A.B. asks: 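Would you mind keeping the following structure in view while I ask a few things?
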Amino acid sequence: MNKNMQRLVNIAGKERRTIIGLMSGTSLDGLDIALCDFVGHGTHTSVFLRAFTTTPYSSEFKKQVKSIFSKRQVDLESVCLMNAYVGRYHADLINASLKQWQVEPSEVDAIASHGQTIYHAPASLHKIDGMPDATLQIGDGDHIAVKTGIVTLSDFRQKHIAAGGEGAPLAVYGDYLLFSEEGQNRIMLNIGGIANFTFLPGDLDTTRIFSTDVGPGNTLMDAYIQSRFPDRFFDADSELALSGTANDGLVAALLDHPFFEQGFPKTTGPELFNLAYLEQAQQRSGTAQLSPADVMASLNQFSAISICNALKRTLGAERFEVFLSGGGMHNPLLIRNIEQRLTGVVIRDTAELGVSPDAKEAVLFATLANECLVGDKLDFGPGKMRIPSVHMGKISLPE
Ligand SMILES: Nc1ncnc2c1ncn2[C@@H]1O[C@H](COP(=O)(O)OP(=O)(O)OP(=O)(O)O)[C@@H](O)[C@H]1O
Ligand SMILES: CC(=O)N[C@H]1[C@@H]2OC[C@@H](O2)[C@@H](O)[C@@H]1O[C@H](C)C(=O)O
């Protein structure tokens, strides 16, 4: 037998596996690196987060990624080069973190790499007859495996689409395995660039579970402040939004898009929710002259309302608890806007469930890798929630 196959068998047979989860989302702030230990699999998974860091991207790297990010036309040579470059760059960041944590690469069984999404094209967005749902993450796993010496699982989203999903949200698998609780309806709400949530019913009925994007979390706020104030990457502590007033006309125009009428589950990205989307809404509502502070307050309220509308639509009169994660939970006005619209709902964060909210997505990808290596088939029913019962991740070997 090829000794690499034996290596995989050994990893699968271990009682405790060490897996590094990586996430680099639409915000392009940096690479989330979570060093996790797993015991068990499936609904008997226990995860211990040993270390976590978000390694900020250099401004040069951000510029390079932005040049090919969520644009319909890009330089194809740049895409080709960046596929290899992102893989190597991520490998360097992993090696540096391991060194800092004083962990030898040989102690790590696998890396779960999300890669960098550069385009997400669900059929509902591209609307091209005969073309499937599609998505593209770059940062090839072979580069990571060879540069770190660690078995790497990557490119998780293609299998999801191949088996009937939309390529996202994948959070549903890990949310179900790690956070389901009998007798408690839970909403796992992640506010990253795009906001999404997973509904975990207290009756543990896997055919009712689903995960969906709901619209922008931070992406429009980030894009707007970056365009107006080049030295500011996001509206830290809602400073700009708090100095303005939300404009009802602009908020209504922002909410006026067929995406919000579409049923669940659905996915989206900055391919739709971008500065052109904002400009069109400003034109339609006659608010092109609004001050930056008022625009930011409106964008903040827009994200909050679209999130709350989606939650109310899902749960009606059912009681539920919300567990937050993602960078948006650090935006105080956004959270206040959400709380005001969800009166009586308990809102906490995933730290109360043992996983740091900033690390959650990286931990979820590590969980996907653990399932791919050792899990049994998970059954999410006949497919109407578009959660295919498959294992995801392509395996790259270091040698
Ligand atoms: N103190 C803060 N005040 C306001 N906003 C904040 C703060 N800290 C983080 N954020 C927001 O969180 C964003 C980063 O969030 P996160 O890392 O969850 O995004 P991501 O992983 O790229 O997103 P996605 O879930 O779309 O993949 C920042 O760009 C910013 O908008
Ligand atoms: C295509 C893509 O990268 N989608 C991301 C993005 O970031 C948030 C939202 O949009 C979600 O659909 C997804 O990530 C999370 C981790 C997911 O798949 O569950």
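For this chain, numbers begin at 1 and follow the sequence in order. Since the model is a prediction, treat every value here as computed from it, not as a measurement.
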A.B. asks: Which pair of non-hydrogen atoms, one from F156 and one from S113, has the smallest distance, and what is that distance?
C.D. replies: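 Answer, listing the atom of F156 first, then S113: CE1-O, 3.5 Å.
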A.B. asks: Nearest 0.5 Å please: distance from the OG1 atom of T152 over to the CG atom of D142.
C.D. replies: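 CG of D142 is found 8.5 Å from OG1 of T152.
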A.B. asks: Evaluate the side-chain hydrogen bond (donor to acceptor under 3.5 Å, both in side chains) criterion for residues N247 and S298: first the C-alpha distance (whole Å), next the side-chain angles of each, then the deciding distance (0.1 Å), finally the verdict.
C.D. replies: CA-CA 6 Å; N247 179 291; S298 307; 5.6 Å; no
A.B. asks: With heavy-atom distances below 4.5 Å as the criterion, would you say the side chains of F320 and V322 are in contact?
C.D. replies: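 Contact flag for F320/V322 side chains = yes.
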A.B. asks: Determine, using the 4.5 Å side-chain heavy-atom cutoff (strictly less than), whether L378 and I161 are members of one ILVMFWY cluster.
C.D. replies: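 Per the 4.5 Å side-chain linkage, L378 and I161 are not co-clustered.
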A.B. asks: Just verifying a value: how many Å separate D235 CG and S243 OG, rounded to the nearest 0.5 Å?
C.D. replies: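 Answer for the CG-OG pair, D235 versus S243, is 8.0 Å.
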A.B. asks: Less than 4.0 angstrom from a charged side-chain N to a carboxylate O is my criterion; do R313 and E318 meet it?
C.D. replies: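 Not counted as a salt bridge, because no side-chain N and carboxylate O are separated by less than 4.0 Å.
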A.B. asks: Are N190 and S325 close enough that a side-chain donor and a side-chain acceptor fall under 3.5 Å?
C.D. replies: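 Result is yes, a qualifying pair exists.
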A.B. asks: Is a side-chain donor-acceptor pair under 3.5 Å present for R386 with H160?
C.D. replies: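 Per modelled atom types, H160 and R386 side chains form no pair under 3.5 Å.
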A.B. asks: Could you pull out the closest heavy-atom pair between K266 and Q262, with the gap in Å?
C.D. replies: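 Nearest pair, atom of K266 first, then Q262: NZ-O, 2.9 Å.
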A.B. asks: Nearest 0.5 Å, what's the CD1-OG1 distance between I387 and T206?
C.D. replies: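 Answer for the CD1-OG1 pair, I387 versus T206, is 8.5 Å.
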A.B. asks: Are R16 and F48 in a cation-pi setup, meaning NZ or CZ lies under 6.0 angstrom from the ring centre and within 45 degrees of the ring axis?
C.D. replies: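 Flagged: R16 positioned over aromatic ring of F48.
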A.B. asks: Is there a donor-acceptor contact under 3.5 Å linking the side chains of D358 and S356?
C.D. replies: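 No donor-acceptor contact under 3.5 Å links the two side chains.
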A.B. asks: Less than 6.0 angstrom separating the ring centers of F197 and F210, yes or no?
C.D. replies: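 That pair passes the under 6.0 Å test.
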A.B. asks: Measure across T26 and G193 and return the closest heavy-atom pair with its distance rounded to 0.1 Å.
C.D. replies: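 Looking at all heavy atoms of both residues, the shortest contact is OG1-CA, 3.3 Å.
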A.B. asks: If you define the side chain from C-beta out and look only at heavy atoms, does anything of E239 sit under 4.5 Å from D237?
C.D. replies: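 Not touching, per the 4.5 Å side-chain cut-off.
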A.B. asks: Can you find a pair of side-chain heavy atoms, one from L353 and one from M188, that are under 4.5 Å apart?
C.D. replies: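 Yes. Closest side-chain heavy atoms under 4.5 Å.
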A.B. asks: With side-chain contact (heavy atoms from CB on, under 4.5 Å) as the criterion, how do I19 and T367 come out once you've worked through the C-alpha distance, each side chain's angles and the decisive distance to 0.1 Å?
C.D. replies: CA-CA 8 Å; I19 302 180; T367 310; over 6 Å; no
A.B. asks: Carefully, step by step, assess T18 and F38 under the rule side-chain contact (heavy atoms from CB on, under 4.5 Å).
C.D. replies: CA-CA 6 Å; T18 301; F38 284 87; over 6 Å; no
A.B. asks: Check whether more than 12 heavy atoms from other residues, nucleotides or ligands sit under 6.0 Å from atom NZ of K14, and answer yes or no.
C.D. replies: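 Atom NZ in K14 is packed in, count exceeds 12.
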A.B. asks: List the atom of S24, the atom of L31, and the distance in Å for their closest heavy-atom pair.
C.D. replies: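 Reported closest heavy-atom pair: CB-CD1, 3.9 Å.
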A.B. asks: Please examine the side chains of Y85 and F61, heavy atoms only from C-beta on, and report whether any two atoms are closer than 4.5 Å.
C.D. replies: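 Yes, at least one pair of side-chain atoms sits under 4.5 Å.
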A.B. asks: Identify which one of E166, H114, H120 satisfies the side-chain hydrogen bond (donor to acceptor under 3.5 Å, both in side chains) criterion when paired with R157.
C.D. replies: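 Testing each of E166, H114, H120 against R157, the sole residue satisfying side-chain hydrogen bond (donor to acceptor under 3.5 Å, both in side chains) is H114.
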A.B. asks: Tell me if the aromatic rings of F323 and F179 count as close, with their centers under 6.0 Å from one another.
C.D. replies: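 That pair fails the under 6.0 Å test.
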A.B. asks: Report the residue from D349, D32, D175 that forms a side-chain hydrogen bond (donor to acceptor under 3.5 Å, both in side chains) with K360.
C.D. replies: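 Answer after filtering D349, D32, D175: D175.
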A.B. asks: So, D213 and T267: side-chain donor and acceptor under 3.5 Å apart, yes or no?
C.D. replies: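 There is no such pair between these side chains.
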A.B. asks: Checking E371 against L177 for the side-chain contact (heavy atoms from CB on, under 4.5 Å) test, could you report, in this order, the C-alpha distance in whole Å, the side-chain angles of both residues, the deciding distance, and whether it holds?
C.D. replies: CA-CA 10 Å; E371 281 304 299; L177 297 182; 3.6 Å; yes
A.B. asks: Taking CE in M131 as the centre, count heavy atoms belonging to other residues, nucleotides or ligands within less than 6.0 Å. Is the count above 12?
C.D. replies: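 Result for CE/M131: open.
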A.B. asks: Could you check if a side-chain atom of Q226 sits within less than 4.5 angstrom of a side-chain atom of K66, using non-hydrogen atoms only?
C.D. replies: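 They are in contact (side-chain heavy atoms under 4.5 Å apart), so the answer is yes.
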A.B. asks: For the residue pair H257 and F260, categorise the inter-ring angle as parallel (less than 30°), tilted (30 to 60°) or perpendicular (more than 60°).
C.D. replies: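 Taking F260 first and then H257, their aromatic rings stand perpendicular (interplane angle over 60°).
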A.B. asks: Donor-acceptor check, side chain of S27 to backbone of D29, threshold 3.5 angstrom: yes or no?
C.D. replies: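 Not confirmed, S27 side chain does not pair with D29 backbone.
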A.B. asks: Verify whether one side chain among T148 and N95 offers a donor that lies under 3.5 Å from an acceptor in the other.
C.D. replies: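 No pair is found: no donor N or O on one side chain lies under 3.5 Å from an acceptor on the other.
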A.B. asks: Can you spot which of V345, I347, V346, L200 makes a side chain to side chain contact (heavy atoms under 4.5 Å, CB included) with E321?
C.D. replies: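 By the side chain to side chain contact (heavy atoms under 4.5 Å, CB included) criterion, E321 pairs with just one of V345, I347, V346, L200: V346.
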A.B. asks: State yes or no: do L49 and L324 share one hydrophobic cluster built from I, L, V, M, F, W and Y residues joined by side-chain heavy-atom distances below 4.5 Å, directly or via other members?
C.D. replies: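 The answer is yes; both residues are in one hydrophobic cluster.
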A.B. asks: Can you hop from I191 to L170 via hydrophobic side chains spaced under 4.5 Å?
C.D. replies: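 In one cluster with I191: L170, yes.
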A.B. asks: For R348, I'd like to know if atom CZ has over 12 heavy atoms of other residues, nucleotides or ligands within 6.0 Å.
C.D. replies: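 Result for CZ/R348: enclosed.
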A.B. asks: Return yes if a side-chain donor-acceptor contact under 3.5 Å exists between Y176 and S211, otherwise no.
C.D. replies: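 No, because no side-chain N or O of Y176 sits under 3.5 Å from a partner of the opposite role on S211.
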A.B. asks: Rounded to the nearest 0.5 Å, what separates atom CD1 in I307 from atom CG in N309?
C.D. replies: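 Rounded to the nearest 0.5 Å, the CD1-CG separation comes to 10.5 Å.
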A.B. asks: Any chance you could measure Q158, atom CD, to D133, atom CG, to the nearest 0.5 Å?
C.D. replies: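 So the CD of Q158 and the CG of D133 are separated by 11.0 Å.
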A.B. asks: Side chains of I11 and L373: does their closest heavy-atom pair fall under 4.5 Å?
C.D. replies: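 They are in contact (side-chain heavy atoms under 4.5 Å apart), so the answer is yes.
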A.B. asks: Any side-chain donor paired with an acceptor under 3.5 Å for S70 and E271?
C.D. replies: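 Side chains of S70 and E271: no pair found under 3.5 Å.
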A.B. asks: Are V86 and M23 linked, directly or through other ILVMFWY residues, by side chains that come within less than 4.5 angstrom of each other?
C.D. replies: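 Looking at the clustering, M23 is in a separate group from V86.
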A.B. asks: Counting only N and O atoms by type, is there a donor-acceptor contact under 3.5 Å from the side chain of D294 to the main-chain atoms of T245?
C.D. replies: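 Pair found, side chain donor or acceptor close to backbone of T245.
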A.B. asks: Counting C-beta onward and ignoring hydrogens, is there a side-chain heavy-atom pair between T219 and I194 closer than 4.5 Å?
C.D. replies: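 A side-chain contact under 4.5 Å exists here.
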A.B. asks: Taking atom types as modelled and ignoring hydrogens, do the side chains of Q289 and T287 form a donor-acceptor contact shorter than 3.5 angstrom?
C.D. replies: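 No.
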A.B. asks: Can you tell me how far apart CZ (R17) and NE2 (H41) are? Round to the nearest 0.5 Å.
C.D. replies: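 With rounding to 0.5 Å, CZ (R17) is 7.5 Å from NE2 (H41).
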A.B. asks: How about F273 and F259: are their ring centroids closer than 6.0 Å?
C.D. replies: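 Aromatic pair counts; centres sit under 6.0 Å.
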A.B. asks: Side-chain donor-acceptor pair under 3.5 Å between N300 and N337, yes or no?
C.D. replies: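 The criterion, which ignores hydrogens and geometry beyond distance, is satisfied for N337 and N300.
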A.B. asks: For a 4.5 angstrom cut-off between non-hydrogen side-chain atoms, does Y277 reach L254?
C.D. replies: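 Yes. Closest side-chain heavy atoms under 4.5 Å.
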A.B. asks: Ignoring hydrogens and angles, tell me if any N or O in the side chain of E107 forms a donor-acceptor pair with the backbone of E104 under 3.5 Å.
C.D. replies: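 Confirmed, E107 side chain pairs with E104 backbone.
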A.B. asks: side-chain contact (heavy atoms from CB on, under 4.5 Å) for I111 and V151? Distances and angles first, verdict last.
C.D. replies: CA-CA 6 Å; I111 292 169; V151 170; over 6 Å; no
